Amino acid sequence: MDNYINSSIKLDLHSKINLLGLSKSDISRHLYNLGVEKKELSMRVQQLFSWTHSHGKKSFDYMTNLSKEFRDLLSKEFSISRPQIINKQISIDGTRKYLFKSENFGEFETVFIPEDERGTICISSQIGCTLNCSFCHTGTQKLVRNLEPHEIVGQISAVKDDLSDWCGKKNSTLKRAVSNVVVMGMGEPLYNFENVKQGLKIIMDNEGLSISRKKITLSTSGVVPYIHKVSSEIGCLLAISLHGTTDEIRNELVPINRKWNIQELIATLKSYPNLSNTERITFEYVMLRKVNDSLADAKRLVKLIKNIPSKINLIPFNPWPGSNYKTSEPEKVKIFANYVKKAGYSSPVRKPRGVDIMAACGQLKSDSVREKVLKKN
Ligand code: SAH
Ligand code: SF4
């Protein structure tokens, strides 16, 4: 955590507050300071929040139930800007990858995955990552900085703009394209806990985007001291990037294991608050040929997670230029998955999406490098 650049450093001089990153109580405090009367506060907050997060308006001019004078005041104090889409690629399977440029500094990626019954947006929590899991492309990029709450929410707002996915008179009865959120893009969300928490709370708020906590999954490589807070302070679902069943293998694949080993991780999960069969932990397990894909691995895995209500998501390794690993043979994956299934765990094999545009799990990496940022300072 020490080699972070403090993300609260404001490099631009134009410092309007971005509404996208403010909770309703934050907005209320700001409006009070701007002189809005106490008795009007909750109505004004609700109006502003709904225009911003439910209707997706980017300009105060559209907020027709607010007086012109009030709108002028708001536009002097706040912005509603999203990170700017500087590149968009659409895969043959419909997956979309967006490259964003922040109004602050740095570039990061977001992926939208349409499916029959739902649409999942995979958001980033950091630019780069301080951890360097050996099979992950993001891990080869040094951490540039933490994303701010408005950038976490803004990824969803910008994708919804692109998909025309806001509620409005014309399409108020249509099903929303973005129904689920996974925090599985660039970065380790639990190393940016407060910003991720603030962002997710905003997108869950039922006067805004109203995405239910059970449709949001946060994935961590295993930052043990913060794991319980995912349940107690955010309330969304939890996924753990396990990938190895012995410390020897996991130290190699997920080096954070040297800090918090498998035993500590599993002990933390066994006492995870509100664990139940309806709120299971997902274990992510990337299948790497001849590294972690044997039947002995499957047996150890089942033993490790005994008594933890969970499901196992087997992820075929997604190669990237320069990676040293190979994807497991389909037969091996089948044997592994069958063993886990027989032991009573759901063990779907994740279908890689957006491979042709390098948008699949672990393939995200932006060109932003820390050196560039340091030059700016
Ligand atoms: N930092 C968090 C969340 C982002 S990574 C974490 O590690 O959990 C999201 C998932 O993609 C993790 O399970 C990660 O291990 C997996 N992943 C990373 N690189 C991959 C690759 N090349 N192929 C398949 N999955 C990968
Ligand atoms: Fe970071 Fe997750 Fe990639 Fe590991 S897998 S380097 S924690 S983004």
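Along the sequence shown, the residues carry numbers beginning at 1. Computed from a prediction, not measured in an experiment: that's the story for all the values here. Read the numbers this way: they start at 1 and go in the same order the structure lists the ligands and their atoms.
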(message) Counting only heavy atoms closer than 4.0 Å, does ligand 1 sit against the backbone of H243, its side chain, both, or neither?
(response) side chain
(request) Could you check atom 2 (Fe) of ligand 2 against the protein and tell me its nearest heavy-atom contact, residue, atom and distance included? (result) G187 O, 4.5 Å
(message) Considering non-hydrogen atoms of the protein only, which is the closest contact for atom 17 (N) of ligand 1, and what is the distance?
(response) F135 CE1, 3.7 Å
(message) Would you call the rings of F100 and F108 parallel, tilted or perpendicular, taking 30° and 60° as the class edges?
(response) tilted
(message) Quick test: of every protein heavy atom, which one is nearest to atom 4 (Fe) of ligand 2, and how far off is it to 0.1 Å?
(response) C133 SG, 2.3 Å
(request) Considering heavy atoms of the protein only, find what lies nearest to atom 13 (O) of ligand 1 and give residue, atom and distance to 0.1 Å. (result) S241 OG, 2.7 Å
(request) Go through the steps for Y285 and F336 under the test ring pair (Phe, Tyr, Trp, His ring centres under 6.0 Å), then give the verdict. (result) CA-CA 11 Å; Y285 195 93; F336 195 108; 5.1 Å; yes
(request) Give a yes/no verdict on whether any heavy atom in A239 is under 4.0 Å from an atom of ligand 1. (result) no
(request) Starting from atom 21 (C) of ligand 1, find the nearest protein heavy-atom neighbour and note its residue, name and distance. (result) C361 O, 3.2 Å
(message) Less than 6.0 angstrom separating the ring centers of F283 and Y345, yes or no?
(response) no
(request) Return the residue, atom name and 0.1 Å-rounded distance of the protein heavy atom closest to atom 1 (N) of ligand 1. (result) G187 O, 2.9 Å
(request) Run the numbers for me: atoms of ligand 2, each under 4.0 Å from some heavy atom of G139, listed by number. (result) 6 (S)
(message) Under a 3.5 Å threshold, yes or no: a donor from one side chain and an acceptor from the other, between Q126 and N146?
(response) yes
(request) With heavy atoms under 4.0 Å as the rule, classify the contact between I315 and ligand 1 as side chain, backbone, both or neither. (result) side chain
(request) Among all protein heavy atoms, pick out the one at the shortest distance from atom 10 (C) of ligand 1; state its residue, atom name and that distance to 0.1 Å. (result) E284 OE2, 3.6 Å
(request) With heavy atoms only and a cut-off of under 4.0 Å, state how S125 meets ligand 1: side chain, backbone, both or neither. (result) neither
(message) Does K16 qualify as a cation-pi partner of F78, given the criterion of NZ or CZ under 6.0 Å from the six-membered ring centre and within 45 degrees of its axis?
(response) no
(request) Starting from atom 3 (Fe) of ligand 2, locate the nearest protein heavy atom and write down its residue, its atom name and how far away it is, to 0.1 Å. (result) C136 SG, 2.4 Å
(message) Checking a contact table here: which protein heavy atom is nearest atom 3 (C) of ligand 1, and how many Å away?
(response) S219 O, 3.5 Å
(request) Return the orientation label for the Y325 and F317 ring planes: parallel under 30°, perpendicular over 60°, tilted otherwise. (result) perpendicular
(message) Closer than 2.8 Å to atom 4 (Fe) of ligand 2: does that hold for any N, O or S atom in C129?
(response) no
(message) Has R250 got a side-chain atom pairing as donor or acceptor with L242's backbone, closer than 3.5 angstrom?
(response) yes
(request) Determine the interplanar angle of the H243 and F135 rings, folded into 0 to 90°, and report it as parallel if under 30°, tilted if 30 to 60°, perpendicular if over 60°. (result) perpendicular
(request) Looking only at protein heavy atoms, identify the closest one to atom 9 (C) of ligand 1 and say how far it is in Å. (result) M184 O, 3.5 Å
(request) Determine, using heavy atoms of W320 and all atoms of ligand 1, whether some pair is separated by less than 4.0 Å. (result) yes
(request) Please check if any side-chain donor atom of Q198 sits under 3.5 Å from a side-chain acceptor atom of D26, or the reverse. (result) yes
(request) Could you check atom 4 (C) of ligand 1 against the protein and tell me its nearest heavy-atom contact, residue, atom and distance included? (result) G185 O, 3.2 Å
(request) Taking atom NZ of K341 as the centre, report whether more than 12 heavy atoms of other residues, nucleotides or ligands fall under 6.0 Å from it. (result) no
(message) Looking at ligand 1, is there an atom of it that comes within less than 4.0 Å of some heavy atom belonging to S323?
(response) no
Throw together a table of side-chain donor-acceptor distances under 3.5 angstrom for residues 42-49, partners on residues two or more places apart or in other chains.
from	atom 1	to	atom 2	distance (Å)
R44	NE	E40	OE1	3.2
R44	NH1	Q47	OE1	2.7

(request) Provide the number and element of each atom of ligand 2 under 4.0 Å from a heavy atom of L131. (result) 6 (S), 7 (S)
(message) Would K57 and W51 count as a cation-pi pair here, with the cationic atom under 6.0 angstrom from the ring centre and within 45° of the axis?
(response) no
(message) So, regarding N318 and ligand 1 (criterion: nitrogen or oxygen to nitrogen or oxygen, under 3.5 Å), is there a contact or not?
(response) yes
(message) Once you restrict to heavy atoms under 4.0 Å, what part of T220 touches ligand 1? Side chain, backbone, both or neither.
(response) backbone
(request) Classify the side-chain pair S50/E207 by whether it contains a donor and acceptor separated by less than 3.5 Å. (result) no
(request) Have a look at ligand 2 and work out which part of S221, if any, has a heavy atom under 4.0 Å from it: side chain, backbone, both or neither. (result) side chain
(request) Mark yes or no for whether N195, through its side chain, and L147, through its backbone, hold a donor-acceptor pair below 3.5 Å. (result) yes
